[in-house]
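Counting starts at 1 for both ligands and their atoms, in listed order. The basis for the numbers below is simple: all heavy atoms, side chains too, and nothing from hydrogens, waters or symmetry mates. Bear in mind the structure is a predicted one, so any value in this text is a computation, not a measurement.
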Amino acid sequence: MDRFIIEGNRHLSGSIAVSGAKNAILPVMAACLLAPGKSVLRNVPNLIDLKTMAHLLRVLGAHVDYDRGMMSIDSATICYNEAPYELVSQMRASIYVLGPLLARLGEARVSFPGGCAIGTRPVDLHLKAMEALGATINIEHGYIHAWAEKLTGAEIYFAKSSVGATINALMAAVLAEGTTHMFNAAMEPEVDSTIDMLNKMGARIAGKGSTSLTIEGVENLFPVEMRMIPDRIEAGTFLIAAALGTAPVTVTDCLPEHLAILLEKLRAAGCQLDVQDTAITVTPPRKILPVDVLTLPYPGFPTDLQAQFTVLMSLAEGVSFVEDTIFPDRFLYVAELNRLQANIRMERNVACVKGVSQLSGAEVMANDLRASAALVLAGMVAEGTTVISRIYHIDRGYDRIEEKLNGIGARITRERA
Ligand code: EPZ
């Protein structure tokens, strides 16, 4: 398994570019199943999770080409309705094919996703939404088996804000007969970009950017071309890297409006920010100030930046509290950060972070995607050498992260197994 060897305490400066958003591309790839013919996606980074989704679409009978930032998906030929265990167990977002398969083929069998390193992650809200639209659902032999003679518009109330359930329900409702009203829908930019794609395909979804969505079912959708939005979590990871440095760094190709709460927290930590249309320059503070963080659905602070922000707080002058209300168990990385001599104590789902003046390089192990990114940031500012094993997690969601960070002065070497 590949490892990262990181020489810490380097001077960072210059600019670093953000790629297309993994979590916006995954649902849009599934949405291509709804429109027979060839859709084209641009600004698509080279990520393992996107390759896994491409593999799944091929298993269903689609033709997928994926090269140099462009992906084309021809779904005219889809003929299978099963998402097998071997793929769903690699990537939970495989559940995104449930809604489109039901809408297009009237039946789907999707392996039931298990737990993962960030918690139990149920899919009950996805299933309730499909049932509301008229599907019958059976859980059998580890598979979700869903079928419907026809889907019919309905009222869907989400008990909890869920990105995945909102998107899955949208993808089923766009071809249902009649009107669907959704309440407490998720408002993440990845939901909005899926709505943009579906509406471009001919769907009729109103209410984008709010928690109430109205979908007028249509008979057919047609293939389209679309450029993917920048990855706000990759951008946020780079902004936090910059805040940990000693000189200004500019993060380019991002959308600052998707990062408002992080920018507010960085300012509170003492950073100076120069915000342009698609770029943000961070001038790091001399002393990092402690700031409390509570993760919440968008526009709240994203759980996907919780670990990275905790690294920043581990070097603050004082004590801060970081609480994850979305995935309360998403703190496995804390023990690894403490190996680098951070001083973090867990009290249930709250990290009590007592800032230290310096982290100290050591061998650590990554256990999920964002935790890996957090350990990379910690290694970059630690004294001495940090070795991170199991970095395959990071390749799921960051395209050439070591190359990009080395471009602003980091010294990260990938040691291939
Ligand atoms: C998406 O996961 C992202 N994944 C996650 O990013 C992200 O952490 C998460 O949203 C929250 O922002 C993708 O977009 C592929 P949810 P998702 O449904 O859709 C509960 C990363 O690192 N819930 O919004 O699975 C759930 O347990 C990944 O890139 C139910 O109770 O998250 C959580 O507490 C990790 N029942 C909350 O809702 C359900 O049926 C929000 O989860 C579904 C969710």
Backbone or side chain, does any N or O of Glu188 fall under 3.5 Å from an N or O of ligand 1?
-> no

Hey, is Met53 one of the residues with a heavy atom under 4.0 angstrom from ligand 1?
-> no

Which part of Leu369 is near ligand 1, with near meaning a heavy atom under 4.0 Å away: side chain, backbone, both or neither?
-> side chain

N or O contact, Ala165 vs ligand 1, cut-off under 3.5 Å | no

Touching ligand 1 at all, Glu190? Heavy atoms, strictly under 4.0 Å?
-> no

If you measure from each non-hydrogen atom of Asp304 to ligand 1, which part falls under 4.0 Å: side chain, backbone, both or neither?
-> side chain

Whether Ala186 lies under 4.0 Å from ligand 1, heavy atom = no

Please determine if Leu26 has a nitrogen or oxygen closer than 3.5 Å to a nitrogen or oxygen of ligand 1.
-> no

Examine the side chains of Glu188 and His258 and answer whether a donor and an acceptor come within less than 3.5 Å of each other.
-> no

Just heavy atoms, cut-off under 4.0 Å: does Gln306 contact ligand 1 by side chain, backbone, both, or neither?
-> neither

Salt-bridge criterion met for Arg396 and Asp49 (N-O under 4.0 Å) = yes

Do other residues, nucleotides or ligands put more than 12 heavy atoms under 6.0 Å from Tyr66 OH?
-> yes

When you look for heavy atoms under 4.0 Å from ligand 1, do you find them on the side chain of Leu125, its backbone, both, or neither?
-> both

Heavy atom of Lys128 under 4.0 Å from ligand 1?
-> no

What part of Ser161, side chain from CB on, backbone N/CA/C/O, both or neither, has a heavy atom under 4.0 Å from ligand 1?
-> backbone

Passing candidate, side-chain hydrogen bond (donor to acceptor under 3.5 Å, both in side chains) with Thr385, options Arg411, Glu363, Glu7 | Glu7

Should you measure from each heavy atom of Pro122, which atoms of ligand 1 turn up under 4.0 Å away?
-> 27 (O), 30 (C), 31 (O), 36 (N), 39 (C), 40 (O), 43 (C), 44 (C)

Proximal ligand 1 atoms for Val123, defined as those under 4.0 Å from one of its heavy atoms | 39 (C), 40 (O)

With sequence neighbours left out, what residues match Asp324 under salt bridge (charged side-chain N to carboxylate O under 4.0 Å, His left out)?
-> none

Using a strict cut-off of less than 4.0 Å between a Lys/Arg side-chain nitrogen and an Asp/Glu carboxylate oxygen, indicate whether Asp304 and Arg232 qualify as a salt bridge.
-> no

More than 12 foreign heavy atoms under 6.0 Å from CD of Glu264: is that the case here?
-> no

So, Thr237 and Tyr398: side-chain donor and acceptor under 3.5 Å apart, yes or no?
-> yes

Is it the side chain (CB and beyond), the backbone, both or neither of Phe327 that lies under 4.0 Å from ligand 1, heavy atoms counted?
-> side chain

